[in-house]
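Letters A, B, ... are given to chains in the order of the sequence lines, protein chains preceding strands, and every chain is numbered from 1. Since the structure is predicted, the reported quantities are computational estimates derived from the model, not experimental observations. Because only heavy atoms are used, hydrogens play no part in the values below, and waters and symmetry mates are left out as well, while side chains stay in.
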Number of protein chains: 2
Amino acid sequence: MSAPDAPDRTKHKTHAKVVNIKDVAARANVSVGTVSRVLANNETVGTALREKVTEAIRELNFRPSGVARGLRRSRTDMIGLVIPDITNPFFAELAKHVEAIASRSGFSVLLSITNEDPRIELNQIESLLKSYPTGLIVVPTQFGASEGWKSNVATVAVDRRFAGYPLISVDHAAGAGLAARHLLALGHRRIAYIAGPPEAPVSRERRNGFVDALAAEGVTPEILEGYFDYASGETLGRMLLDRAPGERPTAIATASDQQAIGLMRAANDLDLKVPQDISVVGFDDIPLAELITPRLTTIRQPVEQIAARAVALTTGTSPLPIDDELLEASLVVRNSTAARD
Amino acid sequence: MSAPDAPDRTKHKTHAKVVNIKDVAARANVSVGTVSRVLANNETVGTALREKVTEAIRELNFRPSGVARGLRRSRTDMIGLVIPDITNPFFAELAKHVEAIASRSGFSVLLSITNEDPRIELNQIESLLKSYPTGLIVVPTQFGASEGWKSNVATVAVDRRFAGYPLISVDHAAGAGLAARHLLALGHRRIAYIAGPPEAPVSRERRNGFVDALAAEGVTPEILEGYFDYASGETLGRMLLDRAPGERPTAIATASDQQAIGLMRAANDLDLKVPQDISVVGFDDIPLAELITPRLTTIRQPVEQIAARAVALTTGTSPLPIDDELLEASLVVRNSTAARD
DNA sequence: ATGAAAGCGCTAACAT
DNA sequence: ATGTTAGCGCTTTCAT
């Protein structure tokens with residue numbers, strides 16, 4: 001007979017009621033403090049209570065609010081990942097491993113894509129910081145001045161240098177050296193190199209590593225500069241290959257697998273056989289490298305290792321280093337390179 | 001003598017004081033309420049105060065806490081994006097557009113990768129919900145039972161059906177029909193189809209759409225089933241093509257561009273020319289489709305449109321529909337298909 | 001070992 | 001138009 005649905009007088013009742021820690025405490029007849037301790041796996045909780053709480057949590061299907069937790073601790077269990085381009089297979093691979101490793105440690109990843117635009121990068125980072133992430137992994141834009149923003153968030157740069165933050169990256173120069181010595185070992189002397197944009201430090205490091213390794217044997221490569229994408233590889237490849245047999249290189253190394261694939265396409269169009277007429281080495285070892293015809297010889301970046309270090313440093317698992325960490329690249333020999341006749 | 005604003009690399013500051021709304025209020029000699037209103041672009045604030053506040057915000061380099069805001073509103077400006085595999089070019093493209101559109105509306109994206117594992121999917125979603133996202137965009141695992149979890153978060157499924165949630169997707173069947181009619185129009189009659197896994201609804205829809213369109217002309221294709229990846233395309237392609245000329249199909253359609261690329265590789269290995277000896281049509285129009293040799297004729301998914309709808313629905317820009325939304329695919333004719341001799 | 005209670009930094013209802 | 005203030009749901013002292 002009583003009014004079952006008296007008007008709701010509570011103040012902020014705009015949203016659907018969600019089970020909270022108080023409900024759990026009430027259900028288990030304990031204090032919220034105890035529930036919190038159980039959630040934190042705090043040892044000091046007695047077995048009996050711990051059990052009652054666990055039970056209540058299950059019964060009520062309680063999902064602790066990461067937001068409230070984040071506010072209280074002024075830090076959430078998230079890391080920001082800032083990437084120039086997720087459709088680039090190398091970055092996709094990086095994102096995949098970062099997500100997997102982070103999530104294993106209980107962290108979510110906030111993804112930002114900058115499209116290689118320094119202004120967007122700055123905005124996105126500002127925006128990410130509002131969520132109080134524990135750490136920030138940044139692959140900076142290629143040409144950005146990378147303006148300073150400050151925060152007490154553990155930050156690392158990956159692949160490309162970023163302001164004064166520690167850098168986790170493959171040793172680009174040494175990797176390119178591997179490619180150079182491989183071609184040398186196969187007997188090539190007329191060698192060309194398709195580089196990335198000269199303003200990009202990564203590009204310069206790879207190119208210099210390549211050039212230096214060749215110089216050690218007295219060989220000087222012909223160098224063409226472009227972007228890291230397929231299209232550049234194809235265009236520059238055509239310039240290199242559309243010549244009389246005696247004029248064109250017998251081997252070409254590129255600054256990216258994508259360039260190498262574009263280059264192989266150009267070779268194909270010109271009826272040149274890889275590796276019989278021309279040897280090709282890429283850089284990165286993206287998944288596609290072993291799926292094209294012929295399978296691409298390339299320099300492998302230890303992506304998973306890079307991701308693991310970046311996550312460890314930004315989630316506080318490892319203390320932040322002062323120094324950069326350069327990881328080793330390795331040569332993967334497949335079918336796009338052969339000994340010179 | 002030292003760098004003026006080198007990023008701070010000190011270990012973990014115990015409690016770095018962060019500027020909050022109260023500091024801003026004090027600095028501007030107004031109440032926190034007024035600052036909050038300025039932040040919210042509330043019209044009711046007088047010009048003079050608004051200016052003082054804006055000034056104080058800049059001076060103090062104030063960055064409002066999204067976490068506190070989220071707690072108060074029990075909803076953060078984030079949307080969760082759950083996808084099976086970010087290295088799949090189609091999903092990478094989807095993620096790129098989702099991120100771009102969401103960020104334009106002031107939303108961050110929380111990325112989860114399920115690796116096609118339904119258990120991980122469930123865990124990840126549970127984990128995402130702790131951050132009180134405004135919405136959830138889910139590309140479910142292919143074979144998952146997709147058990148119910150409930151929350152009051154606006155949720156849409158993309159590409160594949162998910163529990164009872166509205167689906168945003170290309171019209172798979174109609175798209176496959178486009179491919180079928182294209183091959184028919186080129187005069188092909190001995191046609192094969194490389195499908196995806198039969199348990200996957202997407203796979204069935206594409207296959208049925210293809211088969212039905214052919215049936216309308218009295219043609220029955222040979223069908224092989226595999227996965228959506230390169231490797232499957234190559235393996236099944238070899239089975240189809242390694243036969244006497246009279247025995248093998250003159251045209252093959254696939255359920256994905258990746259299969260098509262694998263298939264073209266197999267053709268190449270068997271010294272068969274595409275499109276002279278065999279015509280190939282893919283599905284998706286991934287970026288690589290127009291970069292390989294020959295350029296791939298394929299069915300384009302309107303990825304950006306899909307992303308736009310998904311974001312609009314999950315950020316509350318559009319009201320959630322009851323019904324699914326099927327968007328139109330289109331045929332992109334390039335160089336991998338030709339008229340039968 | 002457990003409970004009580006004070007905030008974390010905001011928003012929005014209410015008061016002026 | 002502006003100020004005041006009560007929470008949002010947790011964690012973490014501080015008592016007991």
Side-chain angles (χ1 to χ4, degrees), chain A residues 8-53 56-57 60-77 129-132 134 151-152, chain B residues 14-53 56-57 60-77 129-132 134 151-152:
Chain A
D8 194 338
R9 295 230 180 85
T10 46
K11 240 181 161 182
H12 308 289
K13 198 44 185 227
T14 359
H15 300 287
K17 168 68 182 158
V18 178
V19 178
N20 64 23
I21 200 173
K22 239 167 132 180
D23 300 327
V24 175
R27 172 74 161 230
N29 274 310
V30 299
S31 71
V32 295
T34 299
V35 177
S36 178
R37 290 181 192 107
V38 170
L39 289 174
N41 253 310
N42 190 316
E43 293 297 334
T44 70
V45 181
T47 324
L49 284 198
R50 154 165 272 116
E51 214 142 274
K52 277 208 296 183
V53 170
I57 288 176
L60 297 178
N61 191 24
F62 170 60
R63 197 184 289 132
S65 161
V67 179
R69 181 163 200 264
L71 176 58
R72 180 54 228 247
R73 314 195 332 159
S74 48
R75 171 163 55 85
T76 59
D77 287 344
L129 289 177
K130 290 185 183 166
S131 299
Y132 286 21
T134 295
S151 78
N152 48 348
Chain B
T14 11
H15 254 28
K17 167 65 181 160
V18 178
V19 179
N20 63 25
I21 199 172
K22 240 167 130 179
D23 301 327
V24 175
R27 173 76 161 230
N29 275 311
V30 299
S31 72
V32 295
T34 299
V35 177
S36 178
R37 288 181 194 107
V38 171
L39 289 173
N41 252 310
N42 189 317
E43 293 298 334
T44 71
V45 182
T47 323
L49 285 198
R50 153 166 274 115
E51 216 142 89
K52 278 208 295 182
V53 170
I57 288 177
L60 298 178
N61 192 22
F62 169 59
R63 196 183 289 132
S65 162
V67 180
R69 181 163 201 265
L71 177 58
R72 180 53 229 247
R73 315 195 336 163
S74 43
R75 172 163 54 84
T76 59
D77 287 343
L129 290 177
K130 290 184 182 165
S131 299
Y132 287 22
T134 295
S151 78
N152 47 350

* Rounded to the nearest 0.5 Å, what's the gap from CG on Leu49(A) to OG1 on Thr44(A)? Could you check? => 10.5 Å
* Any donor-acceptor N/O pair, Ser65(B) side chain to Asn20(B) backbone, under 3.5 Å -> no
* Would you mind reading off the distance between Asp23(A) atom CG and dC8(D) atom P, rounded to a whole angstrom? => 11 Å
* How long is the line joining CZ of Arg50(A) and P of dG3(C), in whole Å? -> 14 Å
* To do: Can you tell me the distance, in whole Å, between the NZ atom of Lys52(A) and the P atom of dA1(C)?
  => 17 Å
* **Spacing of CG belonging to Leu39(A) relative to OG1 belonging to Thr34(A), to within rounding of 0.5 Å** => 11.0 Å
* Structure fact -> To the nearest angstrom, the CD-P distance between Glu51(B) and dT2(D) comes to 13 Å
* **Length of the CG-P vector between Leu71(B) and dC10(C), whole Å** => 12 Å
* Asked: Taking all atoms of both residues into account, what is the closest heavy-atom pair of Ala68(B) and Leu71(A), and its distance?
  -> CB-CD1, 3.7 Å
* To do: State, to 0.1 Å, how close Ala25(A) and Ser31(A) come at their nearest heavy-atom pair, and which atoms those are.
  => CB-C, 3.8 Å
* **Bending between helix ends of the helix from dA1(C)-dT16(D) to dT16(C)-dA1(D) [5 pairs per end, 10° resolution]** => 40°
* **Side chains of Arg63(B) and Val18(B) in contact at under 4.5 Å (non-hydrogen atoms)** => no
* Kindly determine whether Asn41(A) and Arg50(A) satisfy side chain to side chain contact (heavy atoms under 4.5 Å, CB included), including the steps that lead there. => CA-CA 9 Å; Asn41(A) 253 310; Arg50(A) 154 165 272 116; 4.2 Å; yes
* So, does Thr76(A) use its side chain to make a donor-acceptor pair with the main chain of Gly66(A) at under 3.5 Å? -> no
* Would you mind classifying the nucleic acid contact of Val67(B) as base, sugar-phosphate or nothing, using non-hydrogen atoms under 4.0 angstrom? => nothing
* Asked: What integer distance in Å separates Asn42(A):CG from dG3(C):C1'?
  -> 14 Å
Is there any protein nitrogen or oxygen under 3.5 Å from a nitrogen or oxygen in nucleotides 10-12 of chain D, and what are the pairs?
unit_1: dC10(D); atom_1: OP1; unit_2: Ser65(A); atom_2: N; d: 3.3
unit_1: dC10(D); atom_1: OP2; unit_2: Ile21(A); atom_2: N; d: 2.8
unit_1: dC10(D); atom_1: O5'; unit_2: Ser65(A); atom_2: N; d: 3.4
unit_1: dT11(D); atom_1: OP1; unit_2: Arg69(A); atom_2: NE; d: 2.8
unit_1: dT11(D); atom_1: OP2; unit_2: Ser36(A); atom_2: OG; d: 2.8
unit_1: dT11(D); atom_1: O2; unit_2: Arg72(A); atom_2: NH1; d: 2.1
unit_1: dT12(D); atom_1: O4'; unit_2: Arg72(A); atom_2: NH2; d: 3.4

